[in-house]
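Scroll down for the structure; my scribbles are underneath it.
Throughout, protein chains are lettered first and strands after them, A, B, ... in sequence-line order, and every chain is numbered starting at 1. Given the structure is predicted, the values throughout are model-derived calculations rather than measurements.
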Amino acid sequence: MVEYLRTAFHDALKKLGIDFPKEEIQFEIPKQVQHGDFATNVALQLARLEKSNPREIAERLIEALELDPAMVSTVEPAGPGFINIRMNPGYVVSRVSEILETGEAFGNVDTGRGRSANVEWVSANPTGPLHAGHGRQVCLGAAISNLLEWAGWKVTREYYFNNAGVQMQNLGRSVQIRYLQALGEEVEMEKGLYNGEYIKDIAAEIKEEFGEAKRNESIDFFRKRGEEWCFARIKKTLERLEVHHDIFFNEDTLYKDGKIDEVLSLLREKGLVYDREGAVWFRSTKFGAEKDRVFVKSTGEPTYRLPDVAYHREKILRGYDLVIDIFGADHIATIPDVLAAVRAMDLPTDHVRVVIHQMVSFVEGGETVKMSKRSANVYSLDDLIDDVGADVVKYFFVMRAANTHLDFDLELAREQSEKNPVYYLQYAHARIASLIRFAESEGVDLEAAPDLALLTHEAEITLARKLLDFPGVVDDCAESLEPHRVCNFLQDVATAFHKFYQECRIVTENQALTTARIALCRATRYTIANGLSILGITAPESM
RNA sequence: GCGCCCGUAGCUCAGGUGGAUAGAGCAUCUGCCUUCUAAGCAGAGGGUCGUAGGUUCGAGUCCUACCGGGCGCGCCA
């Protein structure tokens with residue numbers, strides 16, 4: 001649609017002897033309905049370049065335009081020099097047939113052109129269950145992956161499994177202590193170790209299985225058991241949210257395959273690492289950082305940054321066209337170092353995009369419940385799912401822009417009523433499903449070809465117009481990696497539908513009109529269901 | 001102290017690459033169910049878009065400085 005207008009405007013400009021890049025002709029959907037379906041500010045932009053009156057340019061431009069009157073009804077200058085374009089309502093409504101034809105694929109766009117994308121997210125340490133705050137990352141990444149797929153990318157979903165390093169040793173030691181305590185030994189839990197109740201569960205399982213046989217077992221055994229337990233638990237939680245990864249990349253393979261050493265020697269060749277005080281340092285200051293960073297501790301163990309570099313190198317070497325990292329704001333500081341190191345190894349990073357999301361606060365009764373990772377009793381993601389349900393979890397975590405702090409209102413989320421925005425969408429879907437069932441029971445032939453031209457009511461046209469925006473919304477959201485805009489769009493669709501339902505009786509004696517309105521309902525249903533599927537939310541047949 | 005993010009209605013937040021009279025949900029108040037799902041619809045009140053400058057035809061949006069909040073600034077991840 002916009003493309004059609006853009007071409008027409010470009011041709012008109014050429015006729016006036018004005019050379020203006022086609023791609024820079026902007027069309028927006030005006031906030032005010034009186035301003036039409038589309039508006040462009042080319043005349044205002046040109047006023048600057050041509051040094052003349054924008055209003056006058058607009059008028060000359062309109063004169064030169066050649067548009068199909070079946071599609072466009074009016075084009076008029078407005079305000080300081082906008083050009084408002086109104087589509088022919090009959091044309092808008094006729095395009096509903098495209099939605100019915102594409103059905104479950106409506107909303108797909110092909111900007112990705114089958115190129116490959118890798119999305120890495122969650123990547124929580126396997127040192128415990130996912131806590132409620134992880135939910136944002138989990139749901140955001142899933143929605144972004146889905147969006148990219150809808151936009152024509154071939155997506156690989158990946159989880160970087162941090163199963164090496166000090167924290168894993170701590171986990172092992174924690175389990176060991178709990179196990180020994182369970183055997184009646186006088187051992188104190190040490191500072192800085194994992195205190196959660198789940199550690200006792202792991203220890204209890206070991207005791208159950210081996211009795212006292214592991215009394216003198218090394219930490220390594222307990223570490224392994226702990227890792228397996230945590231991994232299984234994390235996967236189970238992800239499963240409950242229907243979040244799937246194609247690749248679980250184990251950090252320890254970077255060691256086994258010598259990738260860590262490879263990176264070190266590559267950097268050493270370039271003189272980008274040096275030894276000091278028994279540690280190996282990376283010259284991050286060469287890349288604008290305020291201080292150099294330790295890559296290998298004096299104990300000989302790498303810090304987390306080095307495997308991060310090696311891991312990113314691996315991902316980039318795999319040759320994806322787009323590499324996306326999703327991180328919490330608390331990890332923001334490491335990104336420039338990692339990318340700088342990767343670039344230093346002569347690898348491109350232009351196609352790496354990092355989505356940073358801010359932290360989450362859970363609010364209950366006006367009080368903020370702060371989550372802390374290593375305290376004894378954490379509110380886990382499983383608890384949250386039990387508490388409010390998977391659909392609500394997914395919606396609430398994605399409905400706000402990632403870049404802003406999120407207040408997760410537990411009371412509102414728990415509310416199974418009209419107050420909860422999730423139900424507003426689901427209710428619209430269920431209402432349509434019910435309507436279609438009713439129409440069938442009244443003997444309406446759903447297969448009959450609708451005469452969409454019968455849809456002339458303002459509420460019908462507004463709804464149709466809104467539905468047709470969907471592919472553009474998918475495209476924009478995928479480009480900006482901002483799934484919350486899908487939520488906003490779906491709210492608008494539901495509002496337009498409820499309004500239509502309120503104003504227009506759908507199943508009536510008038511068969512032709514009934515068929516046309518049912519067609520519009522079906523188009524709405526596809527749009528809502530498809531949008532919800534991007535968010536991973538179920539579209540109920542009844543409520 | 002330095003870096004990144006945020007500051008929009010009582011509360012939580014939307015506001016494509018600057019555009020026309022700043023929006024939604026919740027909360028408060030008022031109407032609408034003998035008729036396809038009232039988990040809905042219609043309407044009312046509520047704002048100096050943190051503050052002060054700047055850029056320009058035009059700023060919630062861009063720049064600068066302050067103020068307020070969050071997160072980082074480990075040989076933790």
Side-chain angles (χ1 to χ4, degrees), chain A residues 24 26 28-32 34-35 39 41 44 47-48 54 78-82 84 123-125 127 162 165-168 170 192 277-281 289-291 293-299 301-305 307-308 328-336 356-359 361 363 366 373 399-401 403-409 411-412 415-428 430-439 441-442 472-473 475-477 479-480 482 484-485 487-488 491-492 494-495 497-499 501-503 505-508 514 517 521 542-543:
Chain A
E24 287 179 31
Q26 299 170 16
E28 56 163 20
I29 299 170
K31 292 175 198 155
Q32 311 287 328
Q34 314 89 278
H35 296 145
N41 64 347
L44 289 161
R48 200 169 307 177
F82 291 103
N84 293 339
S123 302
N125 285 350
T127 55
N162 264 210
V166 177
Q167 294 305 327
M168 294 309 295
N170 289 344
E277 296 158 6
V280 182
W281 297 71
E290 50 183 85
K291 51 177 142 179
R293 300 291 180 178
V294 172
F295 266 19
V296 183
K297 299 183 238 176
S298 50
T299 59
E301 290 172 304
T303 61
Y304 65 93
R305 283 168 209 265
D308 264 11
D330 50 343
H331 286 240
I332 195 167
T334 80
I335 295 158
I356 303 282
H357 64 86
Q358 300 298 318
M359 303 285 102
S361 306
V363 181
K373 209 174 180 179
M399 71 177 169
R400 304 303 185 200
N403 218 0
T404 139
H405 308 263
L406 176 65
D407 272 10
F408 195 113
D409 185 338
E411 283 174 319
L412 179 64
E415 189 88 40
Q416 303 215 355
S417 73
E418 75 284 356
K419 291 176 188 170
N420 193 325
V422 185
Y423 295 112
Y424 185 73
L425 300 180
Q426 294 188 318
Y427 180 65
R431 214 177 202 188
I432 295 168
S434 163
L435 263 171
I436 291 172
R437 284 192 299 271
F438 177 76
S441 74
E442 293 293 300
V473 169
D475 200 9
D476 287 348
C477 293
E479 167 55 32
S480 60
E482 291 177 329
H484 75 277
R485 283 162 58 184
C487 297
N488 296 339
Q491 289 291 333
D492 288 350
T495 298
F497 172 75
H498 287 309
K499 173 89 172 164
Y501 177 90
Q502 197 70 24
E503 307 226 343
R505 173 83 195 180
I506 290 149
V507 180
T508 62
T514 301
R517 285 185 170 164
C521 287
S542 65
M543 284 177 79

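- The side chain of A:D407 lies closest to B:rU12 when the candidates are B:rU12, B:rU17, B:rC36.
- The aromatic ring of A:H35 sits over the base of B:rA20, with ring centres less than 5.5 Å apart and planes tilted by under 30°.
- A:Q502 has its CD atom 13 Å from the C1' atom of B:rA39, to the nearest Å.
- If you check every strand for non-hydrogen atoms under 4.0 Å, A:V507 touches a base.
- Comparing the same atom, C1', in B:rG3 and in B:rA59 gives a spacing of 27 Å after rounding to whole Å.
- Residue A:A439 is classed as having no contact, given no heavy-atom separation below 4.0 Å to the nucleic acid.
- Side-chain atoms of A:Y501 lie closest to B:rC36 of the nucleotides B:rC6, B:rC75, B:rC36.
- A distance of about 15 Å separates the C1' atoms of B:rG60 and B:rU51, rounded to the whole Å.
- For A:Y423, taking side-chain heavy atoms from C-beta onward, the closest of the listed nucleotides B:rG16, B:rA39, B:rC5 is B:rA39.
- Listed nucleotides B:rA14, B:rA39, B:rA27 differ in distance to A:E418; the shortest reach to its side chain belongs to B:rA39.
- Atom pair A:H484:NE2 and B:rG25:P shows a separation of 17 Å (rounding to whole Å applied).
- For the OP1/OP2 pair of B:rA42 and a distance below 4.0 Å, the side-chain nitrogens and oxygens of A:K499 include at least one atom meeting the criterion.
- Nucleotides B:rC4 and B:rC11, compared at atom C1', are 27 Å apart to the nearest Å.
- Across all strands shown, nothing is found opposite B:rU37 as a Watson-Crick or G-U wobble partner with both distances under 3.5 Å.
- One N or O donor and one acceptor, one from the side chain of A:S298 and one from the base of B:rC75, sit under 3.5 Å apart.
- The residue A:D475 sits apart from the nucleic acid: no heavy atom pair falls under 4.0 Å.
- For A:N41 and B:rA20, a side-chain-to-base donor-acceptor distance below 3.5 Å is absent, hydrogens and geometry of angles not being considered.
- A:F295 comes within 4.0 angstrom of no nucleic acid atom, judged by non-hydrogen atoms across all strands.
- With distances taken from any side-chain atom of A:N84 to the nucleotides B:rA20, B:rA14, B:rU37, the minimum falls on B:rA20.
- As judged by a 4.0 angstrom heavy-atom cut-off over every strand, A:R305 is placed among residues making no nucleic acid contact.
- Lacking a ring centre under 5.5 Å from that of the base six-membered ring together with a plane angle below 30°, A:Y427 does not count as stacked on B:rG40.
- Pairing for B:rC29 is with B:rG43, a Watson-Crick or G-U wobble pair whose two hydrogen-bonding atom distances lie under 3.5 Å.
- Under the Watson-Crick and G-U wobble criteria, each requiring two contacts below 3.5 Å, nucleotide B:rA65 is paired to B:rU51.
- As judged by a 4.0 angstrom heavy-atom cut-off over every strand, A:Q416 is placed among the base-contacting residues.
- The partner of B:rC71, taking Watson-Crick or G-U wobble pairs whose two distances both stay under 3.5 Å, is B:rG3.
- Evaluation of atom-type donor-acceptor distances gives no pair under 3.5 Å for the side chain of A:H331 against the base of B:rG72.
- As judged by a 4.0 angstrom heavy-atom cut-off over every strand, A:Q426 is placed among residues making no nucleic acid contact.
- Within the 4.0 angstrom heavy-atom criterion, only backbone atoms of the sugar-phosphate kind lie near A:T303; the bases stay farther away.
- Only the P atoms considered, B:rC13 is 26 Å distant from B:rG18, to the nearest whole Å.
- Closest contact between the side chain of A:F82 and the listed nucleotides B:rG72, B:rG19, B:rA14 involves B:rG19.
- Remark: B:rG58 base-pairs with no nucleotide in the shown strands. Criterion, Watson-Crick or G-U wobble with two distances under 3.5 Å.
- For B:rG50, the base adopts the anti conformation, since its glycosidic angle falls more than 90 degrees from zero.
- The CD atom of A:E28 sits 7.0 Å away from atom CG of A:N41, with the distance rounded to the nearest 0.5 Å.
- A distance of 8.5 Å separates CG in A:D476 from CD in A:E479, rounded to the nearest 0.5 Å.
- Spacing of C1' atoms, B:rA9 relative to B:rG45, comes out at 11 Å, to the nearest Å.
- The side chain of A:K297 has B:rA77 as its nearest neighbour among B:rA38, B:rC5, B:rA77.
- Here A:I332 lies in heavy-atom contact (under 4.0 Å) with sugar-phosphate atoms only.
- Among the nucleotides B:rA77, B:rC36, B:rA14, the one closest to the side chain of A:L435 is B:rC36.
- For A:R431 and A:Y501, the positive end sits near the middle of the six-membered ring, less than 6.0 Å away and at most 45° from its axis.
- Looking at heavy-atom distances under 4.0 Å, A:D476 makes contact with a base.
- Residue contacts for A:I356: at a heavy-atom cut-off of 4.0 Å it reaches no nucleic acid atom on any strand shown.
- Considering only the side chain of A:R400, B:rA14 comes nearest among B:rA14, B:rC2, B:rG72.
- Among the atoms of the strands shown, none is found under 4.0 Å from any heavy atom of A:A428.
- As judged by a 4.0 angstrom heavy-atom cut-off over every strand, A:Y424 is placed among residues touching the sugar-phosphate backbone only.
- Anti is the conformation of B:rC32, whose glycosidic angle sits further than 90° from 0.
- Atom name P, nucleotides B:rA24 and B:rG40: the rounded distance is 16 Å, in whole Å.
- Across B:rC5, B:rC75, B:rA38, the shortest atom-to-atom separation from the side chain of A:E277 is found for B:rC75.
- Taking atom C1' on both nucleotides, B:rA52 is separated from B:rC71 by 27 Å, rounded to a whole Å.
- A:S542 comes within 4.0 angstrom of a nucleotide base, judged by non-hydrogen atoms across all strands.
- B:rG50 sits 6 Å from B:rG7 when the C1' atoms are compared, rounded to a whole Å.
- Taking 3.5 Å as the limit, the base of B:rA77 and the side chain of A:Y304 contain a donor-acceptor pair of atoms between them.
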